[in-house]
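Letters A, B, ... mirror the listed sequences (proteins, then strands); counts begin at 1.
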Amino acid sequence: MTAKTLYDKLWDEHVVNDYENGTSLLYIDRQLVHEVTSPQAFEGLRQAGRKPWRRSASLAVPDHNVSTRNRDVVNDPVSREQLDALDRNVKQWRIPYFELLDERQGIVHVIGPEQGACLPGMTVVCGDSHTTTNGALGALAMGIGTSEVEHVLATQTLPTKKSRNMRINVANRLAPGVTAKDLILHIIGEIGTAGGVGYVIEFTGESVSALSMEGRMTLCNMAIEAGARSGMVAVDDKTLDYVRGRPFAPAGSDWEKAVAVWDDLHSDPDAVFDRTIEFDASLVYPSVTWGTSPEMVAPIHGEVPDPESEADPVKREGMLNALAYMDLRPGTPIRAIRPDNIFIGSCTNSRIEDLRDAARVVAGKRLAESVKQALVVPGSGLVKRQAEAEGLDRIFSDAGFEWREPGCSMCLGMNEDRLSAGERCASTSNRNFEGRQGAGSRTHLVSPAMAAAAGIAGHFTDVRDL
Amino acid sequence: MQAFTTLDGLVAPLDRSNVDTDAIIPKQFLKSIHRSGFGPNLFDSWRYLDVGEPGQDCSLRPLRSDFVLNLPRYQGAEILLARENFGCGSSREHAVWALYEYGFRCVIAPSYGDIFFTNAGKNGLLTVTLPAPGIDQLFREVEAAEGYRLEVDLRQQSVTTPDGEELKFDIETALKDRLLSGLDDIGITLEDSGLIQDYETRRVKERPWLFADIDS
């Protein structure tokens, strides 16, 4: 039998049919649904007189538009309409649903793994590019567009073409204070935001094995920022320990059967990858993005680069645009950049470990006076409850950070949490695109600990020096 | 979905790499629950001087005179010439709806964001991939000649310049067939309902936990 990669195995298990034209019909085990990319899909179903193929294969939750101040008020009528549409649509078809007031509500990519709704060996899709997060479980998880959301609702399948296999192998261990977020920013800085286009990335190596499940989710979450179709990590004992006992995870004899199947969810030793890229974790430092693309990143001890030293004219132009937008000058030390807002949250970094990391930095200190607002937004109601049980909410509040209700919050400015033009944010989210956190806003992507440290110091600083 | 066969269209050049879907259609316009109405907000923050909000009459808003789509010579453009990794970022299909409603029927670039590329194909927007040197040549030509048009022939997989030079492009057969026919993907898949049911029957036995009810 030919040796297979993890992606090959997941793919082969889910092929319903191979067509002559080179596409395959792939069975989808789980579809996560949120309010932004689903209304037009449900509308399409109705217009065509179709219905969901298997209603309980989906799990719906509102997250992008929700207020993080309180649970029952959404002041923006347009947001309200979108949330109401989700409510109507999922109730019409009896799709499993965590309503806004359900404690299990949260960011779609946080609740999937948390509930055991997303499991090793599954194909998982969602009308959201950060669906790749779920690949940390040893699943094939892909973001899709609204037409595909409708397609999966109607058929439980996706016609798609297989991507190529990429392996990103990270040798050695990350130094203390250096996190999965720093690692993925470093990787994107090296291979670029188009570096993974056409590929599914499997992350391997000592440093990946050493990461917690939360860290692996952060890593896979941003595989899309490298342009990849998906990111994934093989199943190991940590995966099983994480999944065991989750509400929708298999139990009893099903658990034993499942584990026997999941034991094979790794690339065979002699599997062939179309491309392998090697990294050394010991060369990864706490990282900060300085531009308007996640690949525009520097280590904390670095400086804003000079576009004049870039040979490629298109890249140079991109750097010039980015520096103008970010109001930064070449040669400025990263440490000299002063964010006036701090955002700790998003599907990248809002899990319990992220909050613990940030709280450790903040404990007993005060937010710098120059910081106008600092938000801590847990990824789900259950993360919030856990954090409160550990007293993290008080640590943040005592330091001057605002402790909020779960949701996508300031990652994308579709709710009331957003920056004003010209404001500069140290953000644990995933995109520093122009206007992402509000029109004219400036985003610096960092780890939770680095965001917390910037909040305390008033400028970026090496969290390891605190 | 409208079929795509041939197009003889005016070309507009967008000379930036990594144009993300947040730039194509900013997040405040994603709150609509319909598929239409996004055209006036295409590239909103590059196109207008003020901050765009849903529900505005965009014909009354001040334009950024130096943004390429606002230049008189590019009015009525149906082909967007773009750079590397066009449409990267978010999965929002609204980006494709906005481009299409604005009037674009074809994008020509060296590479695309994966999800954007798929979304385009579901909506009849042809995404032509050409190697970087060909793209560089087209940028030079379009900027040098006002009224520059290209002929795109999907069946022949060719882009023809006003000088008659033919640039060939590759496209997956499945995507090409679908664009040429304009057929509904879901209808095609449902013809294989029996195969999907067979697959499920087998999997329920082998992997029952994948089919467990997750009703709360």
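Using a distance-only test at 3.5 Å, with no hydrogens or angles considered, a donor-acceptor pair links the side chain of A:Gln82 to the main chain of B:Leu30. A:Glu317 places no side-chain N or O within donor-acceptor distance of the main-chain N or O of B:Ser17, the cut-off being under 3.5 Å.
Contact annotation: the side chain of B:Glu53 never approaches that of A:Val78 to less than 4.5 Å [non-hydrogen atoms, C-beta and beyond]. Between A:Val197 and B:Asn85, the closest side-chain pair of non-hydrogen atoms falls below 4.5 Å. Put simply, the side chain of A:Glu81 does not reach to within 4.5 Å of the side chain of B:Lys31, judged on heavy atoms. Residues A:Val16 and B:Gln197 have side chains not in contact (no heavy-atom distance under 4.5 Å, counting atoms from C-beta outward). Counting heavy atoms from C-beta outward, A:Val314 and B:Arg16 have side chains that stay 4.5 Å or more apart. Two residues are said to be in side-chain contact when any heavy atoms from C-beta on lie closer than 4.5 Å; B:Ile214 and A:Arg30 meet this criterion. Using a 4.5 Å heavy-atom cutoff, the side chains of B:Asp22 and A:Leu412 are not in contact.
Contacts with chain A (heavy atom to heavy atom, under 4.5 Å) involve no residue of residues 124-142 of chain B. Using a 4.5 Å cut-off between non-hydrogen atoms, the part of residues 89-103 of chain B that approaches chain A consists of B:Gly89, B:Ser90, B:Ser91, B:Arg92, B:Glu93, B:His94, B:Trp97. Residue-level contacts of residues 185-193 of chain B with chain A, in order of numbering, are B:Asp185, B:Ile186, B:Gly187, B:Thr189, B:Leu190, B:Asp192, B:Ser193; threshold 4.5 Å between heavy atoms. Among residues 168-183 of chain B, the residues having any heavy atom closer than 4.5 Å to a heavy atom of chain A are, in sequence order, B:Glu172, B:Thr173, B:Ala174.
Note: B:Asp213 leads B:Asp213, B:Asp15, B:Val51 in heavy-atom pairs under 4.5 Å with chain A. Note on B:Asp20, B:Leu195, B:Thr21: by heavy-atom pairs under 4.5 Å with chain A, the leading option is B:Asp20. For the set B:Gly52, B:Pro208, B:Ala212, B:Pro26, the entry with the most heavy-atom pairs within less than 4.5 Å of chain A is B:Pro208.
Contact annotation for A:Ile144: only backbone heavy atoms (N, CA, C, O) come within less than 4.5 Å of a heavy atom of chain B. Only the backbone of A:Ser58 comes within contact range of chain B, judged by heavy atoms closer than 4.5 Å. For a residue to count as touching a neighbouring chain, one of its non-hydrogen atoms must lie under 4.5 Å from one of that chain's; by this rule A:Ala85 touches chain B with the side chain only. Contacts between A:Thr157 and chain B at a heavy-atom distance below 4.5 Å involve the side chain alone, from C-beta outward.
Rounding to the nearest 0.5 Å gives a distance of 7.0 Å between NZ of A:Lys257 and CH2 of B:Trp209.
Other residues, nucleotides and ligands contribute only 12 or fewer heavy atoms inside 6.0 Å of the CD atom of B:Gln2.
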| task | I would like to know whether B:Arg35 and A:Ser147 meet side-chain contact (heavy atoms from CB on, under 4.5 Å); could you show each step before the answer? | result | CA-CA 10 Å; B:Arg35 276 177 196 257; A:Ser147 291; 3.7 Å; yes
Note to self: Run A:Ser293 and B:Asn18 through side chain to side chain donor-acceptor pair (under 3.5 Å) and show every step you take.
What the structure shows: CA-CA 8 Å; A:Ser293 165; B:Asn18 296 315; 4.6 Å; no
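Remark: A:Arg50 engages B:Asp184 in a salt bridge, criterion side-chain N to carboxylate O under 4.0 Å. Ion pair A:Asp29/B:Arg207 not flagged as a salt bridge, since none of the NZ, NE, NH1 or NH2 atoms sits closer than 4.0 Å to an Asp/Glu carboxylate oxygen.
Relative orientation of the A:His14 and B:Tyr199 rings is tilted, given thresholds of 30° and 60° on the angle between their planes.
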